[in-house]
Amino acid sequence: MSRVRVAVLISGRGSNLQSLIDAAKAPDYPAEIALVVSNKQDAAGLQVARDAGVLTKVISHKVFGSREAFDRAIDAALREAKIGLVAEAGFMRIHSEWFAKTWEGKALNIHPSLLPLFPGIRVHQQALDAGVKESGCTVHFIVAELDSGPTILQAAVPVLLGDTAETLAARILMEEHRIYPEALKLVAQGKVKLDGGRAVFL
Ligand code: GAR
(Lines give C-alpha, C1' and ligand atoms only; values in the text may rest on other atoms or scores of the structure.)
Protein backbone atom coordinates (compact mmCIF):
# COMPACT_ATOMS: atom_id res chain seq x y z
CA MET A 1 0.00 0.00 0.00
CA SER A 2 1.42 3.37 -0.93
CA ARG A 3 0.92 5.86 1.86
CA VAL A 4 0.50 9.60 1.44
CA ARG A 5 3.43 11.54 2.83
CA VAL A 6 2.14 14.09 5.36
CA ALA A 7 3.85 17.13 6.87
CA VAL A 8 2.55 18.35 10.22
CA LEU A 9 3.01 22.07 10.89
CA ILE A 10 3.24 23.05 14.54
CA SER A 11 4.10 25.99 16.78
CA GLY A 12 3.86 24.42 20.25
CA ARG A 13 3.06 21.41 22.40
CA GLY A 14 2.40 18.82 19.70
CA SER A 15 -0.33 16.70 21.30
CA ASN A 16 -2.29 16.55 18.03
CA LEU A 17 0.95 15.71 16.25
CA GLN A 18 1.34 12.81 18.71
CA SER A 19 -2.17 11.57 17.93
CA LEU A 20 -1.41 11.61 14.19
CA ILE A 21 1.91 9.82 14.70
CA ASP A 22 0.17 7.19 16.84
CA ALA A 23 -2.61 6.65 14.28
CA ALA A 24 -0.08 6.32 11.46
CA LYS A 25 1.56 3.38 13.26
CA ALA A 26 -1.34 1.18 12.16
CA PRO A 27 -0.22 -0.79 9.11
CA ASP A 28 -3.42 0.01 7.23
CA TYR A 29 -3.34 3.77 7.94
CA PRO A 30 -3.19 5.49 4.53
CA ALA A 31 -0.74 8.25 5.52
CA GLU A 32 2.71 8.49 7.04
CA ILE A 33 4.02 11.45 9.03
CA ALA A 34 7.13 12.23 7.00
CA LEU A 35 8.02 15.74 8.18
CA VAL A 36 7.30 18.15 11.01
CA VAL A 37 7.82 21.85 10.42
CA SER A 38 7.80 24.33 13.29
CA ASN A 39 8.07 28.09 13.09
CA LYS A 40 9.43 28.03 16.65
CA GLN A 41 12.78 26.56 17.64
CA ASP A 42 11.55 25.78 21.17
CA ALA A 43 8.26 24.09 20.24
CA ALA A 44 7.84 21.05 22.51
CA GLY A 45 6.30 19.19 19.56
CA LEU A 46 9.72 19.02 17.90
CA GLN A 47 10.76 16.53 20.58
CA VAL A 48 7.57 14.54 19.98
CA ALA A 49 8.64 14.26 16.34
CA ARG A 50 12.26 13.37 17.14
CA ASP A 51 11.14 10.68 19.61
CA ALA A 52 9.13 9.13 16.80
CA GLY A 53 12.04 9.37 14.36
CA VAL A 54 10.27 11.92 12.17
CA LEU A 55 12.35 14.45 10.23
CA THR A 56 12.01 17.98 11.66
CA LYS A 57 12.62 21.40 10.23
CA VAL A 58 12.47 24.81 11.95
CA ILE A 59 11.56 27.73 9.71
CA SER A 60 11.25 30.92 11.71
CA HIS A 61 8.72 33.39 10.33
CA LYS A 62 10.82 36.18 11.82
CA VAL A 63 13.50 36.08 9.16
CA PHE A 64 11.11 36.69 6.26
CA GLY A 65 9.86 40.05 5.06
CA SER A 66 6.35 38.91 4.16
CA ARG A 67 3.84 36.14 4.84
CA GLU A 68 4.27 34.85 1.31
CA ALA A 69 8.07 34.70 1.56
CA PHE A 70 7.71 32.61 4.76
CA ASP A 71 5.10 30.41 3.08
CA ARG A 72 7.34 29.89 0.05
CA ALA A 73 10.10 28.64 2.35
CA ILE A 74 7.65 26.19 3.92
CA ASP A 75 6.48 25.13 0.48
CA ALA A 76 10.07 24.45 -0.60
CA ALA A 77 10.58 22.20 2.46
CA LEU A 78 7.33 20.36 1.69
CA ARG A 79 8.33 19.78 -1.91
CA GLU A 80 11.83 18.65 -0.97
CA ALA A 81 10.26 16.02 1.32
CA LYS A 82 7.76 14.99 -1.40
CA ILE A 83 4.80 15.85 0.78
CA GLY A 84 1.30 15.11 -0.48
CA LEU A 85 -0.81 16.47 2.38
CA VAL A 86 -0.29 19.12 5.05
CA ALA A 87 -1.86 18.82 8.52
CA GLU A 88 -1.63 21.92 10.67
CA ALA A 89 -1.78 21.19 14.38
CA GLY A 90 -1.47 24.25 16.58
CA PHE A 91 0.42 26.14 13.86
CA MET A 92 -0.20 29.73 14.88
CA ARG A 93 0.58 31.63 11.67
CA ILE A 94 -1.84 33.03 9.12
CA HIS A 95 -1.12 31.86 5.57
CA SER A 96 -0.77 33.95 2.43
CA GLU A 97 -3.35 33.55 -0.30
CA TRP A 98 -0.58 32.07 -2.39
CA PHE A 99 -0.05 29.19 0.06
CA ALA A 100 -3.78 28.55 0.46
CA LYS A 101 -4.17 28.38 -3.31
CA THR A 102 -1.05 26.25 -3.87
CA TRP A 103 -2.12 23.66 -1.28
CA GLU A 104 -5.85 23.95 -1.94
CA GLY A 105 -7.59 20.70 -1.06
CA LYS A 106 -4.34 19.28 0.32
CA ALA A 107 -3.98 21.23 3.57
CA LEU A 108 -6.00 20.60 6.74
CA ASN A 109 -6.24 22.43 10.04
CA ILE A 110 -7.74 21.65 13.43
CA HIS A 111 -9.34 24.34 15.53
CA PRO A 112 -10.75 23.92 19.06
CA SER A 113 -14.26 25.28 18.46
CA LEU A 114 -17.31 24.48 16.40
CA LEU A 115 -16.42 26.78 13.53
CA PRO A 116 -17.61 29.23 12.30
CA LEU A 117 -18.00 30.08 16.01
CA PHE A 118 -14.96 31.40 17.85
CA PRO A 119 -12.07 31.59 15.38
CA GLY A 120 -8.75 33.10 16.43
CA ILE A 121 -7.21 32.94 19.87
CA ARG A 122 -8.53 32.58 23.46
CA VAL A 123 -11.07 30.27 21.88
CA HIS A 124 -12.30 28.53 25.05
CA GLN A 125 -12.71 31.82 26.91
CA GLN A 126 -14.69 33.11 23.92
CA ALA A 127 -17.00 30.08 24.24
CA LEU A 128 -17.42 30.57 28.01
CA ASP A 129 -18.06 34.30 27.59
CA ALA A 130 -20.72 33.58 24.95
CA GLY A 131 -22.48 31.19 27.35
CA VAL A 132 -22.84 28.37 24.80
CA LYS A 133 -23.92 24.95 26.13
CA GLU A 134 -21.74 23.07 23.67
CA SER A 135 -18.37 23.63 22.12
CA GLY A 136 -16.02 21.30 20.31
CA CYS A 137 -13.50 21.06 17.53
CA THR A 138 -13.37 21.26 13.75
CA VAL A 139 -11.06 19.80 11.13
CA HIS A 140 -11.32 21.81 7.94
CA PHE A 141 -9.61 22.39 4.64
CA ILE A 142 -7.38 25.46 4.77
CA VAL A 143 -8.38 28.61 2.92
CA ALA A 144 -6.75 32.03 3.08
CA GLU A 145 -8.96 33.30 5.94
CA LEU A 146 -7.90 32.27 9.44
CA ASP A 147 -9.74 29.31 11.01
CA SER A 148 -12.16 29.07 8.17
CA GLY A 149 -12.72 26.69 5.26
CA PRO A 150 -14.91 23.71 4.42
CA THR A 151 -15.52 21.41 7.38
CA ILE A 152 -14.34 17.82 7.14
CA LEU A 153 -15.27 16.61 10.64
CA GLN A 154 -16.54 18.17 13.86
CA ALA A 155 -17.08 16.84 17.36
CA ALA A 156 -19.10 18.50 20.11
CA VAL A 157 -18.67 18.37 23.89
CA PRO A 158 -20.88 19.88 26.61
CA VAL A 159 -19.86 23.04 28.42
CA LEU A 160 -20.33 22.19 32.08
CA LEU A 161 -21.22 24.39 35.02
CA GLY A 162 -18.01 25.62 36.62
CA ASP A 163 -15.91 25.03 33.50
CA THR A 164 -12.79 27.15 33.12
CA ALA A 165 -10.99 27.69 29.83
CA GLU A 166 -8.59 24.95 30.96
CA THR A 167 -11.18 22.29 31.84
CA LEU A 168 -13.12 22.98 28.63
CA ALA A 169 -9.90 22.89 26.59
CA ALA A 170 -8.98 19.50 28.06
CA ARG A 171 -12.42 18.02 27.22
CA ILE A 172 -12.19 19.32 23.66
CA LEU A 173 -8.59 18.18 23.22
CA MET A 174 -9.63 14.57 23.77
CA GLU A 175 -12.02 14.91 20.83
CA GLU A 176 -9.33 16.64 18.73
CA HIS A 177 -7.11 13.61 19.21
CA ARG A 178 -9.94 11.38 18.01
CA ILE A 179 -11.19 13.28 14.95
CA TYR A 180 -7.93 14.60 13.48
CA PRO A 181 -6.52 11.14 12.65
CA GLU A 182 -9.96 10.19 11.32
CA ALA A 183 -10.19 13.27 9.08
CA LEU A 184 -6.65 12.84 7.77
CA LYS A 185 -7.43 9.22 6.97
CA LEU A 186 -10.54 10.20 4.98
CA VAL A 187 -8.62 12.78 2.94
CA ALA A 188 -5.62 10.47 2.40
CA GLN A 189 -7.99 7.75 1.14
CA GLY A 190 -9.60 10.22 -1.24
CA LYS A 191 -12.95 9.73 0.51
CA VAL A 192 -13.31 13.48 1.12
CA LYS A 193 -12.37 16.08 -1.45
CA LEU A 194 -12.56 19.83 -1.69
CA ASP A 195 -14.93 20.53 -4.52
CA GLY A 196 -16.58 23.82 -5.37
CA GLY A 197 -15.70 25.28 -1.98
CA ARG A 198 -17.22 22.36 -0.02
CA ALA A 199 -15.84 19.21 1.55
CA VAL A 200 -17.53 16.49 -0.48
CA PHE A 201 -17.75 12.93 0.86
CA LEU A 202 -17.43 10.40 -1.97
C1 GAR B 1 -5.01 22.63 19.73
O2 GAR B 1 -6.05 22.75 20.65
C3 GAR B 1 -5.44 23.14 18.37
O4 GAR B 1 -6.79 22.86 18.07
C5 GAR B 1 -5.22 24.62 18.53
O6 GAR B 1 -4.00 24.73 19.20
C7 GAR B 1 -3.86 23.59 20.07
C8 GAR B 1 -2.52 22.97 19.78
O9 GAR B 1 -2.27 21.94 20.69
N10 GAR B 1 -5.19 25.29 17.25
C11 GAR B 1 -5.66 26.50 17.03
O12 GAR B 1 -6.13 27.21 17.90
C13 GAR B 1 -5.58 26.97 15.58
N14 GAR B 1 -6.29 28.17 15.38
P15 GAR B 1 -1.20 20.82 20.37
O16 GAR B 1 0.10 21.56 19.99
O17 GAR B 1 -1.05 20.06 21.65
O18 GAR B 1 -1.72 19.99 19.24
Side-chain angles (χ1 to χ4, degrees), residues 6-24 31 33 35-52 54 56-61 67 70-71 74 85-96 99-100 103 107-130 132 134-159 163-185 187:
V6 173
V8 182
L9 271 50
I10 62 166
S11 298
R13 178 177 55 184
S15 73
N16 277 290
L17 165 65
Q18 183 74 66
S19 75
L20 296 175
I21 287 172
D22 290 345
I33 310 306
L35 175 69
V36 168
V37 178
S38 172
N39 65 313
K40 294 201 169 167
Q41 181 84 50
D42 60 354
L46 286 169
Q47 195 54 45
V48 171
R50 287 188 206 110
D51 288 348
V54 178
T56 61
K57 195 148 192 148
V58 175
I59 304 176
S60 171
H61 56 281
R67 264 186 219 294
F70 171 57
D71 278 348
I74 293 176
L85 287 174
V86 175
E88 307 206 345
F91 181 67
M92 301 312 247
R93 302 300 303 168
I94 299 172
H95 282 298
S96 58
F99 187 90
W103 287 89
L108 284 59
N109 181 44
I110 188 156
H111 183 75
S113 75
L114 296 173
L115 291 172
L117 290 175
F118 319 132
I121 56 170
R122 301 183 64 252
V123 179
H124 306 298
Q125 195 57 50
Q126 287 189 59
L128 293 175
D129 292 348
V132 292
E134 273 193 334
S135 192
C137 49
T138 304
V139 180
H140 61 93
F141 283 113
I142 288 177
V143 296
E145 297 80 55
L146 178 70
D147 298 328
S148 139
T151 297
I152 300 165
L153 289 180
Q154 283 186 316
V157 305
V159 177
D163 257 342
T164 62
E166 288 71 31
T167 57
L168 179 57
R171 193 173 309 119
I172 291 173
L173 194 63
M174 288 175 64
E175 292 302 301
E176 294 187 45
H177 296 163
R178 188 176 65 76
I179 69 167
Y180 209 0
E182 224 177 290
L184 179 63
K185 181 178 181 175
V187 176

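Numbering of ligands and ligand atoms starts at 1, following listing order.
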Handout entry: Close N or O approach (G14, ligand 1; < 3.5 Å)
Key = yes
Handout entry: Protein residue, atom and distance nearest to atom 6 (O) of ligand 1, heavy-atom basis
Key = G90 CA, 3.7 Å
Practice task
Tell me which protein heavy atom sits closest to atom 10 (N) of ligand 1, plus the residue, atom name and distance to 0.1 Å.
Solution key: I110 O, 3.6 Å
Handout entry: Heavy-atom gap Q18 to ligand 1 smaller than 4.0 Å
Key = no
Handout entry: Taking atom 3 (C) of ligand 1 as the reference point, the nearest protein heavy atom with its distance
Key = E176 OE1, 3.3 Å
Exercise for the section: Please report the closest heavy-atom contact between P112 and S135, naming both atoms and the distance. Expected result: O-OG, 4.4 Å
Handout entry: Heavy-atom neighbours of R122 CZ exceed 12 at 6.0 Å
Key = no
Exercise for the section: Distance to 0.1 Å, residue and atom name: give those for the protein heavy atom nearest to atom 15 (P) of ligand 1. Expected result: S15 N, 3.4 Å
Exercise for the section: Could you verify whether a donor N or O on one side chain and an acceptor N or O on the other, from S15 and H177, lie under 3.5 Å apart? Expected result: yes
Problem - Residue and atom name of the nearest protein heavy atom (relative to atom 12 (O) of ligand 1), distance in Å to one decimal - result: P112 CD, 3.4 Å
Exercise for the section: Among D147, V86, L146, T138, find the one that has a side-chain contact (heavy atoms from CB on, under 4.5 Å) with N109. Expected result: D147
Exercise for the section: Check each heavy atom of D147 against ligand 1 and say whether those closer than 4.0 Å belong to the side chain, the backbone, both or neither. Expected result: side chain
Fill in the blank from the handout: ligand 1 atoms nearer than 4.0 angstrom to some heavy atom of R13 are 9 (O), 15 (P), 16 (O), 17 (O)
Problem - Salt bridge flag under 4.0 Å for residues E175 and R178 - result: yes
Exercise for the section: Would you please classify the geometry between the F70 ring and the F91 ring as parallel, tilted or perpendicular, with 30° and 60° separating the classes? Expected result: parallel
Practice task
Using a strict cut-off of less than 4.0 Å between a Lys/Arg side-chain nitrogen and an Asp/Glu carboxylate oxygen, indicate whether D163 and R171 qualify as a salt bridge.
Solution key: yes
Problem - Geometric N/O contact N109 with ligand 1, under 3.5 angstrom - result: no
